[in-house]
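To start, the structure itself, in structure tokens.
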Amino acid sequence: MAAKRERRRLSDAQIDWVVDAYTRGAVAEEQMSALAMAICMGGMDHAEIARWTDAMIRSGERMDLSGLGRPTADKHSTGGVGDKITLPLAPLVAAFGVGVPQLSGRGLGHTGGTLDKLESIPGWRADLTGGQIMSMLGPHGPGAVICAAGPGLAPADRRLYALRDTTGTVPCIPLIASSIMSKKIAEGAGALVLDVKVGSGAFMKDLDGARELARTMVALGADAGVAVRALLTDMSTPLGLTAGNALEVREAVEVLSGAGPDDVVGLTLALAAEMLDAAGRPVGPDELRAALADGRAMDVWREMIRRQGGDPDAPLPVAPETDTLTAPADGVLVTLDALAVGVAAWRLGAGRARRGDPVQAGAGVEMHAKPGDAVRAGQPLLTLHTADPERFARARRALDGAVVVAGPDSPEAARARERAGAGVVLERLAPGAGA
Ligand code: URA
């Protein structure tokens, strides 16, 4: 610890010792939190981050997917509002013969968790054994699985992430990169595509920070022999038209039916193309689109849901209470802030404040316009959904100043239209691109 306090490098032996001893409970929480804070203040060089990542992988088991007889690819998003992309993406990629082991988490704070979304499907179960995961990915399974990561994968990260959450040491690039990559490398997929979010609803509020995080993770993947690519994508406004568990599943199913909002479809196609390419099975955009339109991806989805106890035809839960926010004037919607919508959805009951809290399946925010769209005074812009109407006032407060309509000829309107037309993918990074 003294070495980091004095801004010196940690040796390989020091890193191996501290990660192992912390996992065994031989390093106290207060000692580890001091070290985490020293790392946040002093940073780590690439060799230190690589060793730290490796030590966290070695703290648990590593899945071996080599016997599956098909290439595998995984995706990780750094988290955003309305980010339901895993739901259509995993079955779409699997429809082209690439196995997708998508070990996911539950949400904390304003970003929703993939498992919380899927748990709104009646009967669906997140917990699978290692054998069940392999059978989902094997020749007689759907080829994709979305389930909870077991406690055996990178247990050092599990402890450290919980500690960081309570000690102000989450927003720190060396610790974020090693946390994400240790879990993803331990999952054993041959290829990994990272969706690094940038903007108000993301960890990384600006492009420079997101670029550095992406470069660090791409380089860690290369060190571990995993083909990693990263897309930097916009999270200044929510993805799609829904934020909240069942609302997002509904939208994902629309995408799997060949419809759905343009930004969700566009990002699903972009990430699928990267995953398939990184796995050595490149597929063009027309063919990917066709697999959404003709039901191939939907067939995988239905099988995937059924095999985990869910009923893909069951009606999704709907919140009994709604409240509507309308446009204050004619014009163009120029701001619909991602963080504010995420916090509103959370306050409506879609998210949790503490690990283990229940979430409401039907709660969330439905959006009726996106930045760049023309709107009329009085037209509904947002519908808030919850089971508890007393939550509306706090959710509305989260949205104060977050929804802005400007005149159709204003510079703000021109910028919003231009930004909407550019799509959500801001940049692409692959190994060798300055990593
Ligand atoms: N997600 C993770 O898994 N770890 C972090 O440190 C941050 C986001």
Side-chain angles (χ1 to χ4, degrees), residues 19 22-23 32-33 35-41 43-44 48-50 52-57 59-60 62-63 74-81 83 85-86 101-116 126 146-187 189 192-205 209-221 224 226 228 230-233 235 338-339 342 346 351-352 355:
V19 171
Y22 179 62
T23 313
M32 195 54 155
S33 66
L35 178 58
M37 187 57 86
I39 291 171
C40 290
M41 311 293 290
M44 289 205 280
E48 285 177 291
I49 306 174
W52 188 277
T53 306
D54 190 49
M56 293 216 291
I57 296 168
S59 73
R62 193 167 171 168
M63 280 174 64
D74 192 1
K75 185 259 322 187
H76 180 80
S77 154
T78 57
V81 178
D83 185 0
I85 300 292
T86 297
Q102 195 71 61
L103 273 49
S104 303
R106 293 195 165 71
L108 192 64
H110 74 273
T111 60
T114 297
L115 301 182
D116 296 317
I146 306 176
C147 64
L153 287 184
D157 178 64
R158 192 170 281 253
R159 282 195 74 165
L160 183 56
Y161 195 21
L163 176 73
R164 289 167 54 213
D165 205 29
T166 55
T167 54
T169 50
V170 169
C172 160
I173 286 176
L175 294 179
I176 298 176
S178 54
S179 166
I180 292 173
M181 292 304 288
S182 61
K183 284 175 289 206
K184 288 287 146 181
I185 293 167
E187 273 177 41
L192 172 63
V193 176
L194 300 164
D195 179 2
V196 179
K197 304 284 186 199
V198 191
S200 77
F203 268 128
M204 294 294 152
K205 307 292 179 201
R211 225 180 252 137
E212 190 188 337
L213 176 61
R215 282 191 183 137
T216 307
M217 293 195 290
V218 169
L220 288 174
V226 181
V228 183
L231 297 182
L232 304 191
T233 70
M235 189 31 70
L339 178 61
W346 176 29
R352 56 174 67 78
R355 268 169 228 285

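This chain uses plain numbering: 1 for the first residue, then up along the sequence. Each ligand, and each atom within it, is numbered from 1 in the order the structure gives.
Under 3.5 Å, the side chains of D157 and S182 contain no donor-acceptor pair of N or O atoms. No hydrogens or angles considered: nothing links the side chains of K197 and S77 as a donor-acceptor pair under 3.5 Å.
Residue K183 has at least one nitrogen or oxygen atom sitting less than 3.5 Å from a nitrogen or oxygen atom of ligand 1, judged on distance alone.
Within ligand 1, the atoms closer than 4.0 Å to a non-hydrogen atom of F203 are 7 (C), 8 (C), numbered from 1 in the order shown. Near S179, meaning under 4.0 Å from any of its heavy atoms, are these atoms of ligand 1: 2 (C), 3 (O), 4 (N), 5 (C), 6 (O).
Here the side chain of D54 pairs no donor or acceptor atom with the backbone of M56 at under 3.5 angstrom.
Rounded to the nearest 0.5 Å, atoms CZ (R164) and CZ (R159) are 14.5 Å apart.
With atom 6 (O) of ligand 1 as the reference point, the heavy atom nearest to it among M181, K184, R164 is part of R164.
In terms of protein heavy atoms, atom 1 (N) of ligand 1 is closest to Y161 OH, 3.5 Å.
Residues satisfying the salt bridge (Lys or Arg N to Asp or Glu O under 4.0 Å) test with K205, not counting sequence neighbours, are none.
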